[in-house]
Each structure stands twice: as structure tokens, then as C-alpha cells.
2 protein chains.
Amino acid sequence: MTVTIYDVAREAKVSMATVSRVVNGNPNVKPATRDRVNEVIERLNYRPNAVARGLASKKTTTVGVIIPDISNMYYSELARGLEDIAKMYKYQTIISNSDNDAVKEIEIFNNLLSKQVDGIIFLGGTLSDKTAEMIQKSSVPVVLSGTLDQDESLPSVNIDYVNASKEITNKFIEAGVKRFAFVGGGYSEKAQIDVLKGMQTLLSEHGITLPEAAQYIGSEQYLDGEKAYAAIKDTNPEVVLCISDEQAIGIVHAAQDDGKMIPDDLQVISFNNTRLVKMVRPKLSSVMQPLYDIGAVGMRLLTKYMNDEPIEDQKVVLPYRIEYRGTTKK
Amino acid sequence: MTVTIYDVAREAKVSMATVSRVVNGNPNVKPATRDRVNEVIERLNYRPNAVARGLASKKTTTVGVIIPDISNMYYSELARGLEDIAKMYKYQTIISNSDNDAVKEIEIFNNLLSKQVDGIIFLGGTLSDKTAEMIQKSSVPVVLSGTLDQDESLPSVNIDYVNASKEITNKFIEAGVKRFAFVGGGYSEKAQIDVLKGMQTLLSEHGITLPEAAQYIGSEQYLDGEKAYAAIKDTNPEVVLCISDEQAIGIVHAAQDDGKMIPDDLQVISFNNTRLVKMVRPKLSSVMQPLYDIGAVGMRLLTKYMNDEPIEDQKVVLPYRIEYRGTTKK
DNA sequence: ATGAAAGCGCTAACAC
DNA sequence: GTGTTAGCGCTTTCAT
């Protein structure tokens with residue numbers, strides 16, 4: 001039925017080993033032999049069975065990707081970057097949605113190990129203790145893209161949210177802003193913590209407080225922006241820092257519906273940097289993150305682990321840039 | 001090192017066959033034996049090697065997904081639907097980006113076959129002849145989600161673009177619109193053809209012509225909307241039907257920048273139905289497609305093929321709904 | 001209800 | 001440069 005390496009060997013009058021060498025580009029084959037084998041491979045339309053190869057070699061050239069939600073623009077952008085690099089290095093990617101739920105993450109992780117993946121990329125806003133522990137004792141290399149573990153000992157690729165947050169907060173403080181608000185939610189718990197940390201640091205340096213009522217943790221969706229606005233509006237904020245673009249846009253619209261002028265009455269800036277930010281009017285001020293690269297660099301790092309290449313930095317921090325657009329004052 | 005079925009068998013004092021039966025839920029095992037084996041499995045932390053299983057059984061419980069671009073909202077939504085159903089049926093998904101490029105599609109297809117996937121889901125706006133031919137003679141089942149082949153003989157899940165287009169065109173004709181425009185592009189060639197067909201049918205019925213200059217085929221991106229608007233504006237259209245949401249939003253903004261009032265001077269309606277349509281002001285009128293379901297139903301159909309279940313309809317057409325929002329007149 | 005044994009298609013020593 | 005052979009870890013007849 002299906003043509004195997006054995007069929008090719010017989011037709012080409014060589015051993016299986018030689019066919020295997022040809023297929024795998026092993027140089028120890030006489031050119032004449034190589035040509036003959038290749039001719040037979042072509043003629044019989046032989047296609048190596050990756051499963052058998054995986055069993056024999058203990059390498060599957062497959063990597064697992066644990067992702068909160070592929071339909072989320074932020075993550076799908078990472079996924080694209082990561083898959084492009086995987087392909088470049090001849091790896092296939094098994095992608096599975098976790099909703100950033102620890103139980104699902106662990107289940108997916110075990111499934112991936114059972115499939116004998118050569119490595120795993122973990123995407124997720126938050127790393128539960130259970131998940132972190134599982135990754136710690138993983139038998140295959142794991143790289144975190146777009147998140148960090150508690151003690152930052154796992155290989156990871158990120159941007160520095162704390163710093164971005166400080167920079168933004170400082171800018172507004174210098175502009176005389178006194179009343180801040182913060183909105184987060186969804187998968188981005190780690191980002192929340194860091195952004196909040198950055199804000200609080202600068203705020204307290206200047207004797208400004210961020211009241212509880214000016215902080216809202218919701219669900220990262222557009223529609224949740226309305227709730228966020230309703231929740232914080234009584235503190236009469238001048239500026240709101242919002243993790244999610246969608247949520248931020250929701251806030252802008254809710255504020256406008258409430259009769260506020262953007263950015264004169266309320267300024268909004270977000271951290272996700274999906275393509276969305278330029279698709280709305282006014283354009284959303286935001287932290288430009290290299291989403292594609294966070295995925296791509298993560299995968300590149302993983303390939304190094306999988307191929308035992310030397311690792312310079314197991315924790316890489318990519319640059320960001322803050323763009324003040326239409327939802328903030330000049 | 002790694003614990004195998006043989007280790008479990010030895011510890012539990014049974015044969016490998018029995019362990020295999022327990023693991024696979026074969027009922028022909030005495031409960032006492034089953035318990036003993038399970039205890040050992042637990043104790044040794046045995047995890048079946050899916051690769052070995054795949055080689056022996058010729059089933060990998062893995063399906064391949066060929067997708068134009070996972071970072072495109074339209075496709076990532078399909079991908080989420082499809083992965084959820086795959087997971088429900090215990091399948092893993094290998095996802096690979098094709099950019100809807102025939103060469104890449106074929107390469108991916110062959111890689112997937114070499115990985116011995118049990119089936120393949122093909123997503124893509126267009127089906128090239130080469131790709132269609134390859135799918136025709138595929139040794140594993142293939143289902144098209146969100147596209148169709150020329151003679152509609154391949155299993156597929158879609159909505160009826162022709163009809164949606166007719167419905168929309170008719171509505172505008174009845175409202176007295178005389179000057180139409182059409183904008184398409186990117187991956188959606190099949191949708192373009194159908195939408196255009198639907199338009200033309202109704203237009204010619206009413207003696208209205210769609211000038212060449214009122215048709216623009218671009219790249220489906222937000223920024224391409226500007227070019228689209230520039231290209232068609234001289235025909236002074238009253239209504240533009242646009243495949244892509246992003247492009248449609250670009251057109252709205254370009255028209256506004258050009259001093260037009262939306263929807264009074266220009267009406268815009270799109271067909272992609274990503275979450276975007278409700279995130280802009282004015283909200284974009286659009287054809288609501290069940291994106292998630294197109295993916296989900298496609299995967300469900302594929303599972304039927306993979307498990308030799310009876311197939312009622314190999315070509316399923318899902319319902320759509322047209323929502324007239326802010327970019328069209330009441 | 002259980003076991004023995006023959007593969008699944010390939011890689012990787014090792015020998016020549 | 002090429003062949004021989006022993007697995008890789010599992011499923012699946014076929015016996016019993």
C-alpha cells in the first residue's frame with residue numbers, strides 16, 4: 001500500500017540504511033548512489049513516515065504551543081510570529097487553547113508530552129503555581145512568551161511593563177495630572193501587576209494616591225469597557241491606563257456617550273498594541289509592543305534549547321515604544 | 001529512563017497486551033487486573049507514548065490545519081471554533097500558515113501527510129487548481145471551512161455569499177440607490193466572486209451597471225481602505241459593498257477625511273463580521289457570519305470522515321444574518 | 001480473560 | 001561508502 005523505505009531500498013538495490021542516509025542528507029553516500037536512490041524516491045513517490053522516524057530517533061520536529069485564546073488578537077499575533085520561526089527551523093506547531101486555565105494548561109501539557117514534542121512554548125498572562133511547577137520539572141524545554149514566572153527563573157521573552165508604566169505615569173504627572181485610573185483584566189494578570197507597580201511607584205513618589213475606586217479589573221473585552229468606565233467614573237479620572245486595547249476603546253466610547261470629550265476631558269492609553277489602535281477614531285495612544293517578535297524570539301530561543309545551542313540570555317526583554325495618539329493630549 | 005508499557009506490565013505481573021487493553025479501555029479485562037494495572041500506572045507515572053501508538057495503530061489523533069494567516073481575525077475565529085471541537089473529540093491540531101499561497105499550501109499538505117495526520121482542515125479564500133487537485137487525491141479526509149472548490153465536490157462548510165449579496169443589493173435598489181461600488185481583496189477571492197455575482201445579477205435585473213472604476217481589489221487591510229476609497233470615489237458611489245471589515249473601516253475613515261458624511265453621503269457594508277464591526281463608530285453594517293461555527297462544524301464534519309461515520313451532507317451551508325448598523329441609512 | 005509474538009517504518013550503532 | 005541488525009514503544013492478531 002504505502003511505500004516504505006524498504007521498497008525504495010529494494011528498487012534502488014541498496015540497503016535501508018543508505019536510503020535513510022540519502023533522505024537525511026548524510027554526506028557519506030556516493031553521488032551516483034544518491035542519484036539512483038533519489039530517482040527511485042521520486043518514481044515511487046516515497047514520503048518518509050515522520051511517526052516512525054520520531055519513534056526511532058526520539059525527535060518529532062514538533063513543538064507544542066499552549067495559548068490562552070487564538071482568537072484574541074494579541075495572542076494570534078504572537079502565534080503568527082512563533083509559527084513563522086518554527087517553520088523556518090522545520091518544526092511543526094501543535095497549538096492548543098488553554099483559556100489561561102491552570103487545569104486545561106496541565107492537561108494540554110501532558111498531551112503534548114505524550115505526543116513527544118521536542119519543546120513547548122507557553123503563552124499566557126498568568127502563570128499559576130501549579131503550571132509553573134509543572135514547567136520547572138518538564139523533561140522538554142519550555143519557553144514563556146509574553147509572560148513571566150514569579151522568580152523569573154524560566155526562559156522567557158517579554159517587554160518591561162513596569163518601565164513602560166513608569167514612563168507613561170511620569171509623563172502625565174509632569175503634565176500636571178492628579179487623578180489617575182487603572183483598568184485591567186482577562187489574561188493579563190502579570191501585566192496588570194507590573195503596570196500597577198510602575199504606576200504606584202511614581203505616584204507615591206509624587207504623593208499621589210490611586211484610590212481603590214479608580215481601579216477596575218474586568219474581562220479585557222470591548223463591551224467590558226463600558227463597565228470599566230462606569231466603575232471608575234465617580235473618581236473623575238483625568239487619565240486611565242488600560243491593559244487591553246479593546247477595553248480601552250470601550251472606555252473611550254462609553255466616556256463619549258457620557259458627554260466627555262476625548263482627550264480633553266479624559267485621556268486613555270493602552271498596553272496591548274494590537275492593530276486595533278490605529279483603526280479607531282480618535283486613534284488610541286498605546287505602548288507599541290513587538291508582538292510578532294515576542295512570539296518569534298520565543299520560538300528562536302526554544303530552538304536553541306532543543307538543539308543544545310549555547311544560550312546567552314534565558315530571559316530576553318524586548319524594547320517597546322510609547323506612541324501618544326489621539327486619545328491623549330499633545 | 002522513561003517508563004514504558006513493558007515496565008508497567010512487569011510491575012503488575014501481566015503482559016503488555018493487558019496493559020494496552022487497560023490503557024485503551026478495552027472491556028475484556030478482569031476488574032481486579034484492571035485495578036492492579038491502574039495502580040502501577042499511577043505509581044510509575046506511566047504516560048503512553050503517542051508516537052509509538054501512532055506507528056502501531058496507524059492513527060495519530062492529530063489533524064492538520066492549513067490556514068492563510070492566524071493573525072487575521074477572521075481566520076483566528078475559525079481556528080478557535082475548530083480547535084475546540086477537535087479537543088472535544090480528543091484530536092490535537094497542527095496549525096500552519098499558508099498565506100493562501102498554493103506553493104506553501106502544497107508544502108504544508110505534504111508535511112502533514114508525512115506526520116500521518118488523520119485528517120486535514122483547509123481554510124483559505126481561494127482554492128488554486130493545484131491545491132484542489134492535491135486535495136482530491138488525498139489519502140486522508142479533507143474538509144474545507146470557509147471556502148469552496150470550483151465544482152463544489154469537496155466536503156465544505158460555508159455561508160451563501162451570493163444570496164447575502166443579492167439580499168443586500170436588493171435592499172439598496174429598493175431604497176433607490178443607483179450607484180454601487182465593490183471592494184474586495186486579499187484571501188477572499190471566492191467570496192469576491194460570489195458577492196460580485198450576487199450584485200451583478202440584481203443590478204442587471206434593474207438595468208443598473210457596475211462600472212469597472214467602481215470595483216477595487218486590494219489587500220483586505222485597514223490601510224488599504226484608503227486606496228480603495230481613492231480608487232472608487234470618482235464614480236461617486238452611494239453604497240459600497242466590501243468583503244473585509246478592516247478595509248471597510250478604512251473606507252469609512254477615508255471618506256470622512258474627504259468630507260463625506262457616513263451614512264448620508266456614502267453607505268458601507270461589509271461581509272467578514274469580525275468583532276471589529278461593533279468596535280468602531282459609527283458601527284459597521286455587516287453580514288453576520290457564524291465564524292466560530294464555520295470552523296467548528298468543519299471539524300465536526302472531519303471527525304465523521306475520520307471515524308467512518310455516515311455523512312448526511314458533505315456540503316453544509318450555514319445561515320447568515322444581515323445587520324444594518326451605523327454605516328447604512330435606516 | 002490473558003499472553004506471546006509479529007510487526008508498524010524508521011534510525012543508529014557497528015561492522016566491513 | 002555501504003550493509004546488517006537491533007531496537008524505538010506500542011497495537012493487534014492469534015492462541016490458549
Side-chain angles (χ1 to χ4, degrees), chain A residues 1-38 40-41 44-62 90 110-111 113-118 139-140, chain B residues 1-38 40-41 44-62 90 110-111 113-118 139-140:
Chain A
M1 182 59 231
T2 60
V3 18
T4 73
I5 200 172
Y6 178 77
D7 300 321
V8 176
R10 184 166 30 71
E11 279 294 304
K13 301 190 197 316
V14 294
S15 70
M16 290 162 56
T18 298
V19 178
S20 175
R21 288 188 186 99
V22 171
V23 169
N24 293 296
N26 183 318
N28 290 336
V29 182
K30 205 196 313 183
T33 319
R34 177 183 306 279
D35 292 347
R36 187 152 39 91
V37 171
N38 275 325
V40 175
I41 286 177
L44 300 189
N45 194 19
Y46 167 70
R47 180 188 295 118
N49 180 324
V51 173
R53 181 182 283 183
L55 184 58
S57 70
K58 299 187 169 303
K59 295 213 168 304
T60 55
T61 62
T62 303
K90 312 285 185 199
N110 283 322
N111 283 150
L113 291 185
S114 138
K115 287 257 158 125
Q116 313 297 115
V117 295
D118 296 338
S139 48
V140 304
Chain B
M1 184 58 231
T2 59
V3 19
T4 73
I5 201 172
Y6 179 77
D7 299 321
V8 175
R10 184 167 29 73
E11 277 294 303
K13 301 189 196 316
V14 294
S15 70
M16 290 162 56
T18 299
V19 178
S20 176
R21 288 187 187 103
V22 172
V23 169
N24 293 296
N26 183 319
N28 291 335
V29 181
K30 207 196 313 184
T33 319
R34 176 183 307 279
D35 291 348
R36 188 151 38 91
V37 171
N38 275 325
V40 175
I41 286 178
L44 300 189
N45 194 19
Y46 167 70
R47 179 188 294 119
N49 180 323
V51 174
R53 181 182 284 184
L55 183 58
S57 70
K58 299 184 169 304
K59 295 213 168 306
T60 55
T61 61
T62 303
K90 311 285 184 199
N110 283 321
N111 283 150
L113 291 184
S114 139
K115 287 258 156 124
Q116 313 298 117
V117 294
D118 295 338
S139 48
V140 303

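Both backbone and side-chain heavy atoms feed into the values below; hydrogens, waters and symmetry mates do not. Throughout, a chain's letter reflects where its sequence line sits, starting with A, and its residues are numbered from 1.
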With the sugar-phosphate defined as primed atoms, P, OP1 and OP2, and the base as all remaining atoms, what B/S/- string results for nucleotides 5-15 of chain D, 5' to 3', for protein heavy atoms under 4.0 Å? --BBBBBB---
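- Put simply, A:Thr33 has a side-chain N or O that comes within less than 4.0 Å of OP1 or OP2 on D:dT2.
- Residues A:Ala9 and A:Ser15 come closest through the heavy atom pair CB-C, 3.7 Å.
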Distance-only criterion, 3.5 Å: show the donor-acceptor pairs between side-chain atoms of residues 21-30 of chain A and protein atoms not counting sequence neighbours.
from	atom 1	to	atom 2	distance (Å)
A:Asn24	ND2	A:Ser20	O	2.7
A:Asn24	ND2	A:Ser20	OG	3.3
A:Asn26	OD1	A:Asn28	N	2.8

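- Between A:Lys13 and A:Arg36, the shortest heavy-atom distance links the atoms O-NH1, 4.0 Å.
- Nearest heavy-atom pair across A:Ile5 and A:Tyr46 is N-CE1, 3.5 Å.
- Between the side chains of A:Thr62 and B:Lys115, at least one donor N or O sits under 3.5 Å from an acceptor N or O.
- You'll find the side chain of A:Lys90 stays beyond 4.5 Å of the side chain of A:Thr61, heavy atoms only.
- Side-chain contact between B:Val14 and B:Val19 is present, with heavy atoms from C-beta onward closer than 4.5 Å.
- Counting 5' to 3', DNA chain C first comes under 4.0 angstrom of a heavy atom of chain B and last does so at the ends given by C:dA1 to C:dG9.
- Considering B:Leu55, B:Val140, B:Val51, B:Thr60 in turn, B:Thr60 is the only one that fulfils the side-chain contact (heavy atoms from CB on, under 4.5 Å) rule with B:Gln116.
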